[in-house]
Amino acid sequence: MSWQKERIDMNIYSQGEVDKWVYSTCNICSIGCGCHIAVKDDKIVGIKGNGQHPINRGRLGPKGENQWYANNSSDRLLTPLIRRDNGQLEPASWEEAMELIVSKARESLERQGSNSIAIYSTGQGYLEDYYTIAKIGRAGLHTHLLDANTRLCTATTEFCLLQSFGADGTPASFDDVDVTDTLMLFGHNVAETGTVLHERIMQRKQREGKPYIIAVDPRHTLTARHADLHLQLIPGTNVALLNGLVHLMIKNGNIDRQFVEQYTIGFDEMQQSVADWTPEKTSKITGIPVEQLHEAARVLGETPSMVTTTLQGTFQSADATTACVAINNMHLIRGQIGKPGCGPLHMAGQPSSSANRTAGGVGTYPAQRNPMNPQHLQEMADLWNVDEATLPAGPEKGIEEQLDMIEQGKVTFFWNIGTNPMVSLPNRRRARKALESIFVVVQDPFLTETAKVADVILPVALWGEKEGTMENADRTINVLRKAVEAPQGVKSDLQILIDFARRMDLKDKDGQPLIGYSTPEECFEEWKTVSRGRPCDMTGMTYDKLEQHNGMRWPANEQHPTGTPRLYSDYKFPTDADYSQSYTKDQFSGRALSRDEFVSKQANGKAILHATRYLPPTEQPNEEYPTWLTTGRLVWHWHTRTKTARSPYLQMAAPNAYVEIHEEDAAALSIVQGEVVRISSPRGWIEVPARIGTAVQKGLVFVPFHYGSWEGHESANDLTADFTDPLSKQPTFKQAACRIDKLRKQHIVVGEESADYIAEQYQLTVEHLLQANRLVTPYDIQSGQTLEVPISVVNAPIPPYIPQRG
């Protein structure tokens, strides 16, 4: 373990000693840090890290330390709201709200059929919620339209693992990061998105000089500044880079031929697909110097052990799944999987998005069952005691496909649980128009931007006010104990789902209630039975064991009573057609393969190497929109700021959006630091202050995506395109074309007006006035001259973040 000692990070606001500390897990990012919740007078008053938890040994990131403020926010919803005939949301009783939801659901089923209802959930809920969504959705409503905001965040993790290994579940774990010789962070700004993991990496680096770190990112991020090698590629060229690296590794003889022959299929096709990716061609397309490509290929080809992490920089790209499959290929041809310090560690973004995939709250069936395999559908029918013929089958439908169905009049009821799509969806104005045309339920603790399209809003319990389990990025299942009661009038997600099932009179074949449990722990016990014998087997877990062991990685069963640190140590992969979670998809087109097509591959327990073809992004800079646009996260905020903006500290650290512009691009346009500029794309525009520096490369701008009020004009997703990856259906947030326009007034110099006088009139500094007009000294200003004056210059510094604390 990288941690040599514990450090208890703590943030408490209490008059006197707290009454109790309650065991829990951080509910922000996917690292899964153990913590204890401080309770005083039946209120949450703080948090401290769990020094015994192996993930963090007591450490917490800035978002994690401040998450509890949202629980005590004065603007929490405490009663359901219904949109009345006057168009206004007004308070209602739970009885009225739930009966309206039930009547609209029944109406939709009767008029349009089962796939007229869509449930769109979150990566921040609990496994028990997701499993219940799966059961109600598929066995009760018979809809296949289950998805979550994980589609926007890390859906590609699932689909690249299905393609290469036959089942979901990231092969490596954080334990492997502790011992690996080489760590490649591919599109993963871990210093800002997983602060505790970054500190864990850097503590070992400072102590041992390992691992050698390669960072792949178009921006010179805080993570890249700590790397040994930064590959600063042109946006949209991830696959080109990986093809070039694999080409060199094969050419240099850095492959484990025995492993490839014994444990994989598809090598010849994969090798052919990278055959012409010479360093010169790769450099031309990616913008990375040839010598850096050679150095990266040498390190990756010769290192005794290697872990590769990926996150949104890889996932939210046009070639998302292909890039991640190329990373899997790289590990397989080197035989670096299933061993300590080896394997792909495709990350999750949210604290429990992995659990949503595992429990079946999204595209595939619970416990990694294949919705195109009749045998798996029969297993679920037997477990749920329902008719197999009523269970929906076939390929999943992601949120962007569901929006298409709404526009076509096929979906008329949309249930939104724990997410804020009116900020997070790409091309969000199109999404708003679609959702305004149908009946929308929003389940949330706060009146978010998505309330604009809601017909009913249900107030729900937050972290610390309910019990359940979450799955972090490396398959660790953690239990979260209930610390306090939810505010009066507020219910948990699980309570609402169970109540809905009861009101809908959902029954099994014997006429018994479809949902037979009433508590989270009872739900987990049923889930364990569903997981038995599957890759994610959790039959060896209990709530008490999870607390006792500070989390357990699945599979945890009789063979692995305390969990499994890494998958595939026996080199047996779940690619047998009767067991596999997927028959996979065509790697190029995304078409789902039939059982016969999958069987013809003859994988039968071997990993699958795929050809990886490079396709440039659909949208690229052009004459009208000459600049690349990319989006991403800040260390100070989480997703759409529903929780983090309610922390005074985090909101003060980063209160507003901005655009990051390279200093040479800013100089060419005479843009000054903090000047409010307009960024336009084919879909919309925003007006935000400029932050000028060298973090972004020339020809690229970066806008954080956390901001998105309808009243302001600072939402990155007014600009982003809603193109999706053909396999994972994950939207392309990272590549779009845009234009930078200055917002200026004109001032005609009169008489003896001085630079000081003019600058003061417009609340500018003299330096800003000169820079905006490409003038060197105040004496360059002449009477009668027309000056350009920025309409606004905003002083919005973001405090520096230091990942390694003493």
Side-chain angles (χ1 to χ4, degrees), residues 1-12 17-18 20-38 46-68 172-183 185 190-213 222-223 225-228 305 307 309 340-341 345 347 351 470 472-481 545-553 562-563 565-566 635 649 800-806:
M1 180 183 294
S2 288
W3 306 125
Q4 287 194 313
K5 57 183 179 179
E6 66 180 37
R7 185 193 73 215
I8 308 300
D9 293 340
M10 189 180 305
N11 180 11
I12 305 169
E17 293 293 320
V18 302
K20 61 180 178 179
W21 292 98
V22 179
Y23 183 94
S24 190
T25 309
C26 178
N27 194 216
I28 298 292
C29 80
S30 68
I31 307 305
C33 296
C35 63
H36 292 93
I37 300 172
I47 187 173
K48 72 176 179 180
N50 178 354
Q52 300 304 307
H53 203 292
I55 295 289
N56 59 317
R57 294 295 307 279
R59 294 154 182 82
L60 296 170
K63 294 185 286 288
E65 284 184 345
N66 287 273
Q67 64 188 297
W68 61 272
S173 72
F174 299 151
D175 289 2
D176 295 304
V177 174
D178 291 341
V179 296
T180 191
D181 291 282
T182 300
L183 176 64
L185 304 165
V190 64
E192 296 196 67
T193 61
T195 53
V196 171
L197 177 59
H198 186 255
E199 185 172 352
R200 181 170 170 171
I201 294 165
M202 296 311 298
Q203 280 206 7
R204 177 181 172 226
K205 178 79 167 175
Q206 291 164 3
R207 188 173 67 249
E208 301 177 14
K210 292 182 179 180
Y212 184 96
I213 299 173
L222 185 60
T223 300
R225 293 201 291 273
H226 287 103
D228 297 283
S305 58
V307 169
T309 70
L345 180 54
M347 295 292 293
M470 300 193 310
N472 76 354
D474 79 339
R475 293 176 288 104
T476 300
I477 302 295
N478 287 297
V479 66
L480 296 86
R481 298 294 191 178
K545 281 185 180 179
L546 291 172
E547 182 172 345
Q548 176 188 347
H549 292 284
N550 287 301
M552 299 168 68
R553 294 188 187 95
T562 59
R566 66 191 59 83
V635 69
Y649 172 67
Y801 174 65
I802 302 173
Q804 287 79 50
R805 288 183 271 182

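Index from 1, following the sequence.
No hydrogens or angles considered: a donor-acceptor pair under 3.5 Å links the side chains of N472 and D474. Looking only at atom types and distance, the side chain of N50 has a donor-acceptor partner in the side chain of N550 under 3.5 Å away.
For T180 (side chain) and G341 (main-chain N/O), a donor-acceptor pair under 3.5 Å exists by modelled atom type. Side-chain atoms of S24 do not come within 3.5 Å of backbone N or O of H36 as any donor-acceptor pair. Judged by distance alone, the side chain of R57 and the main-chain N or O of G51 form a donor-acceptor pair under 3.5 Å. Side-chain atoms of N66 come within 3.5 Å of backbone atoms of P62 as a donor-acceptor pair (strictly under, hydrogens ignored). Side-chain atoms of S30 never come within 3.5 Å of backbone atoms of P351 as a donor-acceptor pair (strictly under, hydrogens ignored). For T223 (side chain) and A191 (main-chain N/O), a donor-acceptor pair under 3.5 Å exists by modelled atom type.
Between L60 and G49, the shortest heavy-atom contact is CD1-N, 3.6 Å. Scanning both residues, G194 and C29, for their nearest heavy atoms gives CA-SG, 4.3 Å.
Between T195 and H198, the closest side-chain pair of non-hydrogen atoms is not below 4.5 Å. Taking 4.5 Å as the limit, every side-chain heavy atom of L480 sits out of range of all side-chain heavy atoms of Y23. Within the 4.5 Å cutoff, no side-chain heavy atoms of I31 are placed close to those of R200. Within the 4.5 Å cutoff, the side chain of L345 has heavy atoms near those of the F174 side chain. Residues M347 and L197 meet the side-chain proximity criterion, which asks for heavy atoms closer than 4.5 Å. For the pair L183/Y212, no side-chain contact is recorded, criterion being any heavy-atom separation below 4.5 Å from C-beta on.
For the pair D228 and K205, the salt-bridge criterion is met [side-chain N within less than 4.0 Å of a carboxylate O]. K63 and E192 are not joined by a salt bridge, as no carboxylate oxygen comes within less than 4.0 angstrom of a charged side-chain nitrogen. The pair D9-R59 fails the salt-bridge criterion, with no side-chain N (NZ, NE, NH1 or NH2) lying under 4.0 Å from an Asp/Glu carboxylate O.
For E208, the CD atom sits in a packed shell: over 12 heavy atoms of surrounding residues, nucleotides or ligands are nearer than 6.0 Å.
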Residue pair N27, M470: steps toward the side-chain contact (heavy atoms from CB on, under 4.5 Å) verdict | CA-CA 9 Å; N27 194 216; M470 300 193 310; 3.2 Å; yes
Worked verdict on Q67 versus I47 for side-chain contact (heavy atoms from CB on, under 4.5 Å) | CA-CA 9 Å; Q67 64 188 297; I47 187 173; 3.6 Å; yes
Working for side-chain contact (heavy atoms from CB on, under 4.5 Å), residues I201 and H226 = CA-CA 10 Å; I201 294 165; H226 287 103; over 6 Å; no
Report the C-alpha distance between D176 and R566 in whole Å, list the side-chain angles of each, state the deciding distance to 0.1 Å, and finish with yes or no for salt bridge (Lys or Arg N to Asp or Glu O under 4.0 Å).
-> CA-CA 8 Å; D176 295 304; R566 66 191 59 83; 2.7 Å; yes
Could you give me the CA-CA distance, side-chain angles and deciding distance for V18 and I12, then say whether side-chain contact (heavy atoms from CB on, under 4.5 Å) is met?
-> CA-CA 9 Å; V18 302; I12 305 169; 4.1 Å; yes
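Here the CD-CG distance, from Q203 to D178, works out to 10.5 Å after rounding to the nearest 0.5 Å. Atom NE2 of H549 is separated from atom CD1 of I477 by 14.0 Å, given to the nearest 0.5 angstrom. Taken from OG1 in T193 to CD1 in I28, the straight-line distance is 13.0 Å, to the nearest 0.5 Å. The distance from atom CD of Q52 to atom CD of E6, rounded to the nearest 0.5 Å, is 5.5 Å. Within the model, atoms CD1 of I55 and SG of C35 stand 12.5 Å from one another, a figure rounded to the nearest 0.5 Å. For the atom pair OG of S173 and CZ of R475, the computed distance is 6.5 Å after rounding to the nearest 0.5 Å.
A cation-pi arrangement is absent between R204 and W3, since the terminal nitrogen or guanidinium carbon is not both under 6.0 Å from the aromatic centre and inside a 45° cone about the axis.
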